S.K.: 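Below is a structure I'd like to ask you about.
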2 protein chains.
Amino acid sequence: MPTETHENPAPETIERVVREGQLDGAIVTCLAACEVEYDGRSGGYLGPGDRLVVAKPDGTLLVHRPSGHQPVNWMPGGATIKVEEDGGSALLYARRSNPNEYLRVYLHEPHLLTRFDADDTATYQERGTEAEMHEYIEQNPETAIEDGFRVVEHERESVYGYIDFFGKDAEGRPVVVEVKRRQATLNNVDQLKRYMGLYRESNPDVRGILVAPSASDRVQRALRDDGLEFVELSEFAVETRESSEKTLSDFL
Amino acid sequence: MPTETHENPAPETIERVVREGQLDGAIVTCLAACEVEYDGRSGGYLGPGDRLVVAKPDGTLLVHRPSGHQPVNWMPGGATIKVEEDGGSALLYARRSNPNEYLRVYLHEPHLLTRFDADDTATYQERGTEAEMHEYIEQNPETAIEDGFRVVEHERESVYGYIDFFGKDAEGRPVVVEVKRRQATLNNVDQLKRYMGLYRESNPDVRGILVAPSASDRVQRALRDDGLEFVELSEFAVETRESSEKTLSDFL
DNA sequence: GGTTACATGTCGCAT
DNA sequence: ATGCGACGTGTAACC
């Protein structure tokens with residue numbers, strides 16, 4: 001049994017289990033009434049309440065409330081986690097530098113402490129990233145962008161940042177392409193405009209294309225107003241994707 | 001005791017505890033060897049391994065590996081969580097629409113199942129947000145920005161969104177101020193440029209200032225290239241903030 | 001370690 | 001519901 005549980009653990013038990021867990025590579029969780037205090041890039045205080053506290057062996061510390069996707073407080077991996085005594089109860093204390101931050105969890109009523117010697121070597125396989133879109137464009141430039149388009153350079157570095165694709169159209173005009181995997185935003189238009197600034201001065205003929213599965217009217221209008229273009233790559237839209245209810249075997 | 005634990009729970013137990021937890025507002029966690037499958041905005045597959053699975057009563061489902069701040073897979077709040085039977089073992093199934101997504105967690109070896117009737121009504125109190133920086137600028141415009149600067153309008157609404165500060169300099173020229181609480185990015189430059197576009201047409205004299213604790217050379221150059229300015233507000237840099245090691249009493 | 005840009009970002013707010 | 005910007009964003013890639 002790779003798990004270990006302690007009901008209503010004493011402060012010394014919490015101290016020992018957390019310390020050993022950090023050393024042995026085990027996940028330690030605590031279901032507890034607690035109070036939380038954070039200071040660093042920002043600062044915050046959370047009054048008493050019941051939460052799930054998770055201490056991972058890489059120094060990650062999470063405090064989860066009964067609702068919400070995100071932890072209300074946390075410390076990213078790399079922090080050092082310790083347990084101190086605070087007036088008869090245990091205090092989880094995580095600290096890191098760069099930036100200098102700390103998180104304190106006062107475990108007023110630790111109901112359940114668990115240790116899990118988790119062994120997890122699998123690598124996560126991901127689909128549908130922007131990288132896949134890039135690959136598709138690189139291998140099907142004419143289908144993806146337009147007839148006669150060819151890629152000259154992928155991920156071109158410039159003074160203003162990285163350009164997704166730099167290419168030429170059928171008539172030899174230079175084309176700057178910015179790719180987004182989600183519906184395009186005004187920020188994305190700005191980003192393309194920023195890159196355009198590099199080329200328009202020396203060559204007013206340069207074209208700029210924003211490639212995305214969709215774009216709002218406002219974005220499409222902003223593009224037109226600046227002489228830029230939008231190419232809809234609907235193959236990568238989420239909505240239109242068949243929700244095929246794959247089963248596990250499809251992934252193997 | 002607001003917690004309940006089940007060692008090596010049977011699929012029916014998992015089904016019951018998760019279902020009841022969702023109804024009663026309890027956090028249910030499971031330490032288990034599992035396999036995970038996700039499809040929606042992106043897609044992914046994670047082979048067998050030991051993880052911490054958390055089901056919150058608001059529909060949040062989290063799968064945490066032994067390291068890393070973020071869950072490897074998740075479903076945000078609002079999803080419906082169910083447990084199905086899959087060849088003798090339990091399958092946690094979360095689904096939501098808009099966007100259409102699902103997450104499946106095949107609990108091959110559920111070591112420990114816990115239920116926590118968490119009662120958490122405290123509100124999180126935050127300090128050090130961008131709002132504080134705005135307050136500082138509003139109350140110390142000349143120290144923060146430059147001699148003779150005065151705020152005409154805070155959070156001015158424009159066609160393109162809200163401008164942090166609209167003001168006048170010592171010579172009466174209009175000034176658009178964009179405030180960032182972290183090191184400025186190229187995106188922030190873009191944003192300021194977008195706002196500037198509104199005013200430059202009618203008044204080419206208008207100045208644009210990006211205020212942030214720091215900015216890279218490239219960002220400063222991008223600003224200069226567009227006739228914009230950078231003001232370093234180092235008072236709000238995290239590094240220089242004294243890490244004063246407050247205690248709990250300081251917050252009360 | 002710094003800079004840059006992506007992310008299943010999530011979250012909150014305003015239309 | 002959708003659009004838009006902030007976030008203690010985290011995270012990887014590149015230098």
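From a predicted model like this one, the values you see are computed outputs, not experimental measurements. Numbered from 1 within each chain, the chains take letters A, B, ... in sequence-line order. Just so you know, these numbers use all the heavy atoms, side chains as well, and skip hydrogens, waters and symmetry mates.
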S.K.: Are more than 12 heavy atoms, taken from residues, nucleotides or ligands other than B:E201, located less than 6.0 Å from that residue's CD atom?
M.R.: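 It does not: B:E201 CD has 12 such atoms or fewer within range.
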S.K.: In terms of the nearest nucleotide of DNA chain C, which residue is placed more toward the 5' end: B:D217 or A:E178?
M.R.: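 Between the two, 5'-proximity favours B:D217.
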S.K.: Check the phosphate of C:dG9 against A:R181, side-chain N and O only, distance under 4.0 Å to OP1 or OP2. Yes or no?
M.R.: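 Yes, because at least one side-chain N or O of A:R181 sits under 4.0 Å from OP1 or OP2 of C:dG9.
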S.K.: Can B:D39 and A:R127 be counted as an ion pair, charged N to O under 4.0 angstrom?
M.R.: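 The answer is yes: the pair qualifies as a salt bridge.
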S.K.: What closest approach, in Å, do B:G208 and B:L192 show between heavy atoms, and which atom pair accounts for it?
M.R.: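 Between these two residues, the closest heavy atoms are C-CD2, 4.0 Å.
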S.K.: Contact class for A:M133 (heavy atom, under 4.0 Å): base, sugar-phosphate, or nothing?
M.R.: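 A:M133: no heavy atom of the nucleic acid under 4.0 Å.
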S.K.: Any idea which heavy atoms bring B:A94 and B:L61 closest together, and the distance?
M.R.: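 Heavy atoms only, the tightest pair is CB-CD2, 3.7 Å.
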S.K.: Check if the side chain of A:N73 and the base of D:dG8 share a donor-acceptor pair of N or O atoms closer than 3.5 Å.
M.R.: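 Indeed there is one.
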S.K.: Specify the separation, in whole Å, of atom NE2 of A:H134 and atom P of C:dC6.
M.R.: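 Distance check: A:H134 NE2 to C:dC6 P gives 7 Å.
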S.K.: With C1' as the reference atom in both, quote the distance from D:dC14 to C:dT8 in angstrom, rounded to an integer.
M.R.: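 That atom pair is separated by 24 Å.
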S.K.: Report yes if a side-chain nitrogen or oxygen of A:R182 is closer than 4.0 Å to either non-bridging phosphate oxygen (OP1 or OP2) of C:dG9; otherwise report no.
M.R.: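 Looking at the OP1 and OP2 atoms of C:dG9, one of them is under 4.0 Å from a side-chain N or O of A:R182.
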S.K.: Within less than 4.0 Å of OP1 or OP2 of C:dG9, is there a side-chain N or O belonging to B:W74?
M.R.: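 Answer is no, no contact under 4.0 Å.
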S.K.: More 5' along DNA chain D: B:Q191 or A:G77, using each one's nearest nucleotide?
M.R.: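 With B:Q191 and A:G77 compared, the 5'-side residue is B:Q191.
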S.K.: Please check if any side-chain donor atom of B:Y102 sits under 3.5 Å from a side-chain acceptor atom of B:E37, or the reverse.
M.R.: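 Yes.
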S.K.: Are OP1 or OP2 of C:dA5 and a side-chain N or O of A:R194 less than 4.0 angstrom apart?
M.R.: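 Indeed, a polar side-chain atom of A:R194 lies that close.
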S.K.: Would you list the protein and nucleotides 13-15 of chain D atom pairs, both N or O, that sit under 3.5 Å from each other?
M.R.:
none

S.K.: Strictly below 4.0 Å: does B:S216 bring a side-chain N or O up to OP1 or OP2 of C:dT4?
M.R.: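 Yes, within the criterion.
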S.K.: Could you give the distance separating D:dA6 and D:dG10 at their C1' atoms, to the nearest angstrom?
M.R.: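 D:dG10 and D:dA6 have their C1' atoms separated by 15 Å.
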S.K.: Touch check for B:R218, heavy atoms < 4.0 angstrom, all strands: base, sugar-phosphate only, or nothing?
M.R.: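 Contact class for B:R218: sugar-phosphate only.
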S.K.: Can you check the distance between C:dT4 and D:dG8, where both ends of the measurement are the P atom (answer in whole Å)?
M.R.: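 Looking at atom P only, C:dT4 and D:dG8 are 22 Å apart.
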S.K.: Check the surroundings of atom CZ in B:R221: do more than 12 heavy atoms from other residues, nucleotides or ligands lie under 6.0 Å from it?
M.R.: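 Open.
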S.K.: With nearest nucleotide decided by heavy atoms, which residue, A:D164 or B:A215, maps closer to the 5′ end of DNA chain C?
M.R.: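 The residue whose closest nucleotide sits nearer the 5' end is B:A215.
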S.K.: Have B:T60 and B:D58 got a donor and an acceptor in their side chains that come within less than 3.5 Å?
M.R.: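 Distance-only check passes for B:T60 and B:D58.
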S.K.: Which nucleotide wins on minimum distance to the side chain of B:N98, given the candidates D:dG10, D:dT2, C:dT3?
M.R.: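 From the listed options, D:dT2 comes nearest.
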S.K.: So what does B:L186 touch, heavy atoms closer than 4.0 Å: a base, only the sugar-phosphate, or nothing?
M.R.: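 B:L186: backbone/sugar contact only, no base atoms under 4.0 Å.
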S.K.: Could you tell me which residues satisfy salt bridge (Lys or Arg N to Asp or Glu O under 4.0 Å) with B:D119, sequence neighbours excluded, listed by chain and number?
M.R.: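 Partners of B:D119 under the salt bridge (Lys or Arg N to Asp or Glu O under 4.0 Å) test: none.
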S.K.: Please give the distance between the C1' atoms of D:dC7 and C:dC6 as a whole number of Å.
M.R.: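 One C1' to the other, the span is 15 Å.
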S.K.: Counting any heavy atom closer than 4.0 Å, what does B:P76 reach on the DNA or RNA strands: base, sugar-phosphate only, or nothing?
M.R.: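 Answer is sugar-phosphate: B:P76 comes under 4.0 Å of backbone atoms only.
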S.K.: Regarding D:dG10, can its base be found pairing with the side chain of B:Q70 as donor and acceptor, where the two atoms are less than 3.5 Å apart?
M.R.: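 In this structure, the two groups form no donor-acceptor pair.
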S.K.: Less than 4.0 angstrom between a side-chain N/O of A:R41 and OP1 or OP2 of D:dA6, yes or no?
M.R.: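 The answer is no; no side-chain N or O of A:R41 sits under 4.0 Å from OP1 or OP2.
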S.K.: Would one find a side-chain N or O of A:Y195 under 4.0 angstrom from OP1 or OP2 of C:dA5?
M.R.: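 It does, given that an N or O in the side chain of A:Y195 lies less than 4.0 Å from OP1 or OP2 of C:dA5.
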S.K.: C:dC6 P sits how many Å from A:H154 NE2, rounded?
M.R.: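 In whole Å, C:dC6 P and A:H154 NE2 are 11 Å from each other.
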S.K.: In terms of side-chain heavy atoms of A:H69, which of C:dT10, D:dG8, C:dT8 is nearest?
M.R.: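 Shortest atom-to-atom distance from the side chain points to C:dT10.
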S.K.: Between the side chains of A:Q191 and A:Y195, does any donor sit under 3.5 Å from an acceptor?
M.R.: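 Yes, A:Y195 and A:Q191 have a side-chain donor paired with an acceptor closer than 3.5 Å.
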S.K.: Counting the atoms with a prime plus P, OP1 and OP2 as sugar-phosphate, which does B:N187 contact under 4.0 Å by heavy atoms, base, sugar-phosphate, or nothing?
M.R.: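 Since no nucleic acid heavy atom lies under 4.0 Å of B:N187, the category is nothing.
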S.K.: Taking only the P atom of each, what is the distance from D:dT11 to C:dC11 in whole angstrom?
M.R.: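 Taking atom P in both D:dT11 and C:dC11, they lie 16 Å apart.
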S.K.: Regarding B:T185, tell me which of base, sugar-phosphate or nothing describes its non-hydrogen contacts under 4.0 Å with the strands shown.
M.R.: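 The residue B:T185 makes no contact with any strand.
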S.K.: From CD of A:E130 over to P of C:dT8, roughly how many Å is that when rounded to an integer?
M.R.: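 A:E130 atom CD is separated from C:dT8 atom P by 11 Å.
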S.K.: Between B:E126 (CD) and C:dC11 (P), how many Å, whole number?
M.R.: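 Computing the B:E126:CD to C:dC11:P distance gives 14 Å.
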